[in-house]
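To find a chain, count down the sequence lines: A is the first, B the second, and so on, and within it residues start at 1.
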Amino acid sequence: MSNGTEPANLPEASQPTAGGREYWRSLEELAGTEAFKALMGNHLPRHAAAWTSAMDRREFLKLMGASLALAGVSGCLSPAPAPPDEKIVPYVNQPEEIVPGKPLYFATAIPAEGYGRGILVESHMGRPTKVEGNPQHPASLGATDAGTQASVLGLYDPDRSRVISNAGRVATWDAFFSALNAELESQRVSQGAGLRILTETVTSPTLAAQLQEILRIFPKAKWHQFDGGAGDYAQQGARMAFGQPLETFYRLEDADVIVSLDGDFLLRSPASLRYAREFINRRRIPGTSSEANRLYMIESTFSLTGSNADHRLAISPSAIPQLATTLAARLGVQISAQQPAISPAHEKWLGALVKDLQAHRGRSAIMPGEYQPAIVHALAHAMNDALGNIGKTVFYTDPVAVNATNHAESLRELVQDLEDNAAQVLIMLGGNPAYTAPADVDFPSHLVTSNFNVHLSLYEDETSALCHWHIPQAHYLESWSDVRAYDGTVTIMQPLIAPLYGGRTAHEILAALAGQAERSSYEIVRDYWRGQSKEKNFDAAWRTALHDGFVAGSAFSPRNVKPKPAAGFDASALKERSSGAAVKAQNEPSIEVIYRPDPSVLDGRFANNGWLQELPKPLTKLTWDNAVLMSPATAAKLGITYQVGGTGGEHGTIYADVVELEYDGRRTRGPGWIVPGHADDCVTIHLGYGRRRAGRVGTNLGFNANALRTLDTLWHGTSIAIRKTGAQYALACTQFHHLMEGRDLVRAGTIDGYHKNPKFLRERESEKEAPATLYPGYKYDGYAWGMSIDVNACIGCNACVAACHAENNGPVVGKKEVLRGREMHWIRVDRYHRGDPSNPETYYQPVPCMQCENAPCELVCPVGATTHSQEGLNDMVYNRCVGTRYCSNNCPYKVRRFNFFLYSDFKTESLKLLRNPDVTVRSRGVMEKCTYCVQRINQAKIAAEKDDRAVHDGEIETACQQACPTRAIIFGNINDPQSQVSQLKAQPLSYGLLTELNTRPRTTYQAKLRNPNPEIENG
Amino acid sequence: MARLPIYGLMAEFDSPEALLEAGRRAFAEGFRRMDAYSPFPVDGLAEAIGFHRTRVPLIVLIGGLLGCIGGFYLQYWVAVIDYPINIGGRPLNSWPSFIPVTFELTILLAALAAFFGVLALNRLPMPYHPVFNVERFELASRNRFFLCIEAADTNFELERTRRFLDEIGSLGTYEVEP
Amino acid sequence: MAQIFHPSTNTISRVTIFGGLILLIAVVTGLATINESPYITEVGVARTQPVPFSHKHHVGDDGIDCRYCHTSVEESSFAGIPPTKTCMNCHTQIWPDSPILEPVRESFRTGKSIQWTRVHNLPGFVYFNHSIHVHKGIGCVTCHGRVDRMPLMWRENTLYMDWCLECHRAPERFVRPREYVFSMEYQAPADQLALGQKLVKEYRIQKLTSCSTCHR
Amino acid sequence: MASKPPDISSDTLPVLEPGHTFASITDKISSIVLTGRTPLFWYISFGIGFLLVLLLLFCITAVVSVGIGLFGVMIPVAWGWAIVNFVWWIGIGHAGTLISAILLLLRQKWRQSINRFAEAMTLFAVACAGIFPLIHLGRPWFAYWLFPYPSTMGIQPQFRSPLVWDVFAVSTYFTVSLLFWFLGLIPDLATLRDRATRRVPRFIYGMLAMGWRGSAVHWHRYESAYLLLAGLATPLVVSVHTVVSFDFAVALVPGWHSTIFPPYFVAGAIYSGFAMVLTIAIPLRKLYGLEDFITLRHLKNMAIVMLATGMIVAYGYLMETFMAWYSGDIFEKYMMMNRMFGPYGWLYWVLILFNILIPQALWVRSLQTNPWVLFFIAIAVNIGMWLERYVIVVVSLHRDFLPSAWGMYSGTIFDYGVFVGTIGLFVALLFLFIRLLPMISIFEMRELVHEEEARSE
């Protein structure tokens, strides 16, 4: 390298770790300590300009145009011809670490509803483009969920707020700080009696310390938390059972029998990625010697976890606590509460369950759902105790959330104070209470009463609109911070890019409150940890922490606790619920209502994220909307029907009956949607829709469920009135048809059946002899890429879909196009139901391009735009495609997607930065499809060729494979008999989709194996 | 040869039969450089005035063969020689798939050969021709039939030929300006 | 009936017919030639640059190695355009105040990049990787020509797909020993094919003509 | 139609009403073109056609500049109206060449008064058809990639694809039909040249006639070339719809992947072709008073051809259904059930009604010579054949192998616009042709008169 005056070379730490692609660095390593000190010394010699801090990385933003112009950085099938003489713009000072055209990987964490998940972020020339899981982080294990994948889009979202606004007028940071200080002065006098701080769930040690500091300065100030209130019941339950707040987590790899009381732990839990992995690891057959686990689910709404259960009991929400009580009693828990009678059907089910549990003492787990009342949590703890699971499969630690309070109560107090005008100065750090708070507290009208309020947020949203001051927040990929995972593990979050829109972090705002406005969050976080550190060489420790993506040994150690005798439990909640049931008993038809965060946009925080809006929600496969979910029986009772649209139809438009919902005097309207397997006499409504100020994407989609909710019944209401309005509403559903029509697309059996006869799948005629062919067939010497997808492991979480979209520059087409059946996902998760519609079996089948060896699509392409590569890939050449769409017609799997319009955004600058430079951005009129992430294959091959070796197994991971929480997708070289994929394909459970067509797909599947309890199954 | 004062003599008839007869007589008389004109094809007329075989079919055959061989080789070259690439696992030379285009090209070239062949042989286009100088000739495309003996013919001799034409029942004999 | 046409029309009509044919052929071939001509391909057209940087001088006369400026050519897809810093390494001492170099100094002062005009420009949907070609023994000269003889940079080859294919189909015709990759003077031996086949084996060079080799 | 009640035993039905001479025929037909006065209905019909052409141009511009998404196509139904219309028009384009070529080879006298405009119809129909595959490309401006030419990409068309076959088949068919038609026109152009009184028409017709002078030697070569062209056109006409049917038969979509397609597509093409000839001939002979030339004999014969081909088509439907059941293939079975009773089921039954049931009326001999009945049936068949293609293209695609990918398709305003537009184009061209060129082959009619005379003597 030429510039000798650059900072010192890298420490050794920054070597590629096993797995090839996981190759990331800490910013500090990049800096080299001298330059770093120089920076801290606030003296920056012009030519010592490595990107040592956010400040310098701002340079990259200036150069972004440059990096786009750099060769190969933006692959695109331009709609317009390239400019005659394109400019090429080099750096003035090239940062030591930047090798133009090569990505770098940095470790940080995403705060998912407060809880951290370790991630690695791919950065091209200083622009983060893709998020992967951090294999070494306990809450990630290398996997990610859809939301994490889509968070990069959130970073570049052009609708993010860019300016400080004061009562709607644009202002400056200085103006803000001076205004703030003025207010604080007056507060000092009253020791902050009028100062209120509202945060979401806080797990950040630094933030916590800062808040403590502020409460020290302003003793009378109050810190409120409101994050939807998902954690409240669990906290109450813990207090009820242990007399103290405790965090519960489970070690599912040791659990043979899992009972979930309405807990959607595979999707909605800070540890869901880990749980999914552990849960599935016990079901991989063959491969595990230990016996497969069995999941019993008791729930009302049809959750993702429920759809993966071996046995599922769909009962109305008010009945769950009662059933829990009975179950507890059967398991020998002493309780005062009277035991309600249960139906014989349930009786039998419960009997079998109890037997199963008793047979697996210490190897089972009872998991209460976060939305179940405290009593259920308490009972679960008691049951786990009774079964001797505590310390084996169930663990308790100190709460990860700092100062864990009851959010509902906290919000109530705040509103009260606002009403009494006790709260004069309100600082809101993130969150969007004006939208998320239940209607009955009427937060908006109270908010405006305070005489000084500030809202720090990514968007100028509903809350900002009501505030005196809105200040833009830095995205987590722009921020220095720290966060704890479900088990307390701390990750130091490092920014990947300077704040695009000049946002600031909560740390910086709190620092300002403490009168240190000049401190950067980098200093704040680092100084905090310097203070904590016992290391003699803090810098080294700090660098290691950043490099690894977590602070070693920061996890909480499990507490050795024992629940109080259950008799002491306050069963009032139980009564309340039962009374709900009672109410229901007398005035039929009264329907219960369940509120849940939307699987994609959660409580609305991701409402403006097009990727997530267009992501077909698990089970319903709806996009761009929420709906009133109900069982077929309930729908029939209410006369709710649907009509398949003449355009799009099952793959696009469904006209649903609009219903009017009335709860507690408040009304709203939404489309009714029939979900097989939903419990009768109750409906589920997803939150996060009906946003009024979300941005160009998310505004005015769906309907707002918060308009119905009350603070007491955050997640469940006992009697809601539903009326059919007669109107219809077009919902965009990507897969309405849920039957397999007797075609064996997903092959399934039971684990017992498998053990009896492992080859049971192969006993079909078509499988026996090899498909006849006239053609000699091609030899693939060298690599032959193939994929194996384990239907048994797929939980249907959509992570692969989002990951694929992010990796391959997938466009967002919008609801109108989805209605026509034109969504652009290269991989889709097909959902099929089987059996009794009131409680069906569910199967998920991810369908990417099968890369057929006798590809029907190639044969019919008139211009040879899709051909076969020497490694057996079914190449798609966008720039050769003329768009006859014949290939799509002839694709039996219908995995090809077409750019009917100019879907890719060639205009918005910020979105250009998001692009993966190694994948062509498709223009109008061309076909596209899954390529097995050929860009990754080529990179790996080139890397291997350069050090004259072969690509080793596992070196190449496709985007879908990398994201998958359960490792259901395995990719590799099928010419190498030792490779994981070859071995999977050799297994008796392996089968191909539609092989009778002699397409000879390279992608094959592993059959689904359920593990039913014979007692229930054969009843 | 020196430019003749006239192109030839033209006799008019009112029926194809008459023309046919006249043609035969003229041929028997030893006239060779002559031509008969009729509003529609009259069987045997060409033979009558001594024209027997046409080369059109041969031309068409050649065209057809060119199309056939060229057509197949084009596809073979593209698929096997120029850029051999695996298409849906089919062999490079998947000749069955090459048949339709081969066939179409055969027909195409044969047809083109036929069309342009006949034009060429007939020396068309020829918008100007002496026979048009005869006023009555416009009826050759209506209901009249003409026989024209060219002055270039060796035994053409104006008066004698005129008499001969009148004998064989010409309804009117006209001199054709060159 | 009177003649409609003058005798000359016969000739005219024939001339038009054959003339038309000839014209058609002329136009088609003409377009083809234009498409291959420097007008479109920019082959051999020296591009003006903000600073009249001479490869001839730096490479030919000073004998600076390609990699001194194009640092990432061996490790990345992109060979790298030198940062202003690289120029200043020498030009703080040599010609420190030559007016020609003012743009360079200005860039260095202001931190604004120099906007070079791009000479070798592939379409966005083509993915070319320098490092692997260099590693497999394809000389700089093979594609970029005798840079050491170019006062101003120009494009030596069309960069058309069929040009790429020439080598991808028969690498043995172009490959050279690794140690000569960066050499300007290297001359292919008379028995290039023999050598080529040897090197192809030795360097494990594959004939990559799959679409996804370059298009993704 | 003639005033006297027609005697319907075909041998007594003349192909040409008696009393015509070379002269009368020549004058009658050429007068239609050369007369100064253009009838009002011509202006009306042409006007309507022209307006629709404007609509066509608008729709095409929109689709090409905004995107193919303006059409209703989606996944799984990636081919829609455009392809349906393409196949429909190509089918219609079959009668012309068939009538002139095959009937010529079979020495059918009755062809002579209808072949000319039947051929013209072919050309215009194929022209309309040709528009669709082009504008229905995602990137029409690259359509030339379907032709082999020396390119700097070093890559050529993929000749295994039926679409390439299509390109060659359709363009060949158009070229050959054009040559055939023009060759037939040359002598008549000469006639017009000689009849024309004003300078400009005389000059133009003269140019087009290329100096044809009816020389015996020319006639001799002319006839052999004409015969050869007919011989070439005959297999061609069969091949074209065979190739079109390959677009479907070669694919593996249930409802497409079937060996019976070529024969029954060709039959269907002839069926719809004759229907269209009748649809045009019946009004025209009335409007221009050509009952003497296009006699009931012609109508009767065409009716019989329709009946015959209609039965072949019916057999085709029957076979598809049978094979679906007999093959035992669940996809085929489902496809057929879905075709009959699925969401698009009603279309299937309407098409059966129009294509199979209504035409059965032609068994009744008296109806075979009733122009108005024939006209109605012809219209029915035109619609029926369009529906047939819709059922084949759309209904097969919308539910194929994976239920997860099933969807529903419907056309958009642009689909309708383009279709109606091409009909307009067809009408406009047809009326231009009628106005500017002899719609009946004059010299062949003279031949006919001659033969009739010969017969009567």
Residue A:Gln980 excluded, over 12 heavy atoms near CD under 6.0 Å
no
Are B:Asn86 and A:Tyr780 packed together at the side-chain level, in the sense that at least one heavy-atom pair is separated by less than 4.5 angstrom?
yes
With a 3.5 Å distance limit and no angle check, can you tell me whether A:Tyr778 reaches the backbone of B:Pro91 through a side-chain donor-acceptor pair?
no
For A:Thr866 and B:Ile87 the tightest heavy-atom approach is O-CD1, 4.5 Å
